[in-house]
Amino acid sequence: MTYNKHIFDVQNKKVIRDFESAYKNFDNVYPGQFQIDSPKFRLVIDRINLMGKKVKILDIGAGYGAFINHLHQDGIDAIGIDISPTAVEQGKNLYGPDIKLQTGDFLKGLDFADNTFDIIVCYGVFQYVLDFINPCLIEMKRLLKPDGLAALSMGFKNTNVFFREIISDEKDFLEIISKELIIEDFLVYYHEIGTQQNQSQDIDLSSQSRDFLVFARNNKGI
Ligand SMILES: C[S@@+](CC[C@H](N)C(=O)[O-])C[C@H]1O[C@@H](n2cnc3c(N)ncnc32)[C@H](O)[C@@H]1O
C-alpha cells in the first residue's frame with residue numbers, strides 16, 4: 001500500500017483526496033516533486049529566464065516546496081501553497097524558515113489579492129480536482145496579472161477513470177482551459193510511473209504514465 005490509498009479508493013471508485021494523511025503517514029510523498037531537472041520545472045525556469053528575474057511566482061500544490069526553494073535560491077520571489085500542513089511543516093524543516101511555503105486550499109480560494117502573480121505553476125493537482133476545474137481556473141485567472149502565465153500539468157494514468165466523463169484526454173483538458181485562458185504551448189511528457197525521468201515519444205503507452213503540460217496566458221490584458 002502506498003500513500004495513494006489516502007487519495008483514491010480504487011475498489012469503490014471514490015476520490016478521497018486526503019493529502020494530509022498521505023503526507024502524515026508516509027515519507028517522500030510524490031517524489032517527482034524533487035526532480036527539479038525534469039522538463040516540467042525546466043520549462044518554467046526557461047520562461048523566467050525570458051521574462052527576467054523580477055517575476056513573482058505562485059506554485060499551487062507545492063508539496064514540500066522543492067521547486068520554490070530552487071527558485072528562491074536563485075533570487076526569485078516564489079511562494080508555494082499546499083493543502084497539507086504536514087507537507088508545509090516538513091518543507092520548512094528541509095529548506096529553512098525563509099521559504100515562502102504556506103497552507104491553503106485551491107478549491108476554497110487563496111488569500112492573495114487580484115492580479116498578483118506573473119507566473120502561476122499548478123502541476124499535478126488538476127487530476128485530483130477535475131470536478132472543480134472551472135472554479136480553479138477562474139481563481140487562477142483572478143490571481144494572475146493581466147498578461148500573466150499559467151503553467152499547468154495534468155497527469156494521465158489509471159486513476160483518471162474516476163473523471164473520464166469530465167476529461168478523457170488532452171484535447172478535453174485544452175478545451176476546458178481555453179474557456180478561461182489563451183493556450184500558448186503544450187506538450188505531452190511520458191515517464192515510467194514513479195520515476196518521471198524518461199522523455200520519449202516512442203513508447204508503449206499502456207505501461208506509461210504521462211503528464212500533459214500546458215502554458216496558457218491570462219486574457220485580462222486584451
Ligand atoms: C501530485 S502532487 C504534485 C506536487 C508538485 N506540484 C509536482 O508537480 O511535482 C499534488 C500536490 O497538490 C497538493 N494539493 C492537492 N489538492 C490541493 C488543493 N486543493 N489545494 C492546494 N494543494 C493541493 C497535494 O497535497 C500535493 O502536494
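Small disclaimer: the values here were computed from a predicted structure and weren't measured. When a ligand or atom number is given, it counts from 1 through the structure's own listing order. Residue indices begin at 1 and follow the sequence shown.
Listed by atom number, the atoms of ligand 1 under 4.0 Å from Val125 heavy atoms are 12 (O). Per-residue contacts place Gly63 under 4.0 angstrom from the following atoms of ligand 1 (heavy atoms of the residue considered): 27 (O). Listed by number with element, the atoms of ligand 1 under 4.0 angstrom from any heavy atom of Leu107 are 19 (N). Heavy-atom proximity to Tyr128, at under 4.0 Å, picks out these atoms of ligand 1: 1 (C). Within the listing of ligand 1, atoms 18 (C), 19 (N), 20 (N) sit less than 4.0 angstrom from a heavy atom of Asp105.
Between Tyr64 and Phe34, a ring centre-to-centre spacing shorter than 6.0 Å is recorded. The aromatic ring centroids of Tyr3 and Tyr30 lie less than 6.0 Å from each other. Aromatic ring centres of Phe112 and Phe117: separated by under 6.0 Å. Phe186 and Phe212 have their aromatic ring centers within a separation under 6.0 angstrom. If you look at Phe67 and Tyr123, their ring centroids are not closer than 6.0 Å.
Residue contacts with ligand 1 leave out Tyr64, since none of its heavy atoms falls under 4.0 Å from the ligand. Residue Lys40 places a heavy atom under 4.0 Å from ligand 1. Within the 4.0 Å heavy-atom cutoff, Gly104 counts among the residues contacting ligand 1.
Residues Gln102 and Asp111 form no side-chain contact, since every pair of their non-hydrogen atoms from C-beta on lies 4.5 Å or further apart. With contacts defined as side-chain heavy-atom distances shorter than 4.5 Å, the pair Val15/Ile7 does not qualify.
Between Phe106 and ligand 1, at least one N/O pair is under 3.5 Å apart. Annotation: Gly61 places an N or O atom under 3.5 Å from an N or O atom of ligand 1; distance criterion only. Residue contacts with ligand 1: Tyr23 is placed with a nitrogen or oxygen under 3.5 Å of a nitrogen or oxygen of the ligand (distance criterion only). Among the atoms of Ile60, none of the N or O lies under 3.5 angstrom from an N or O of ligand 1. Among the atoms of Asp82, some N or O lies under 3.5 angstrom from an N or O of ligand 1.
Atom CG of Asp114 has more than 12 neighbouring heavy atoms from other residues, nucleotides or ligands inside a 6.0 Å radius.
The side chain of Tyr30, and not its backbone, has at least one atom closer than 4.0 Å to an atom of ligand 1 (non-hydrogen atoms only; side chain from C-beta on).
A salt bridge is absent between Lys92 and Glu89: the closest approach of a Lys/Arg side-chain nitrogen to an acidic carboxylate oxygen does not fall below 4.0 angstrom.
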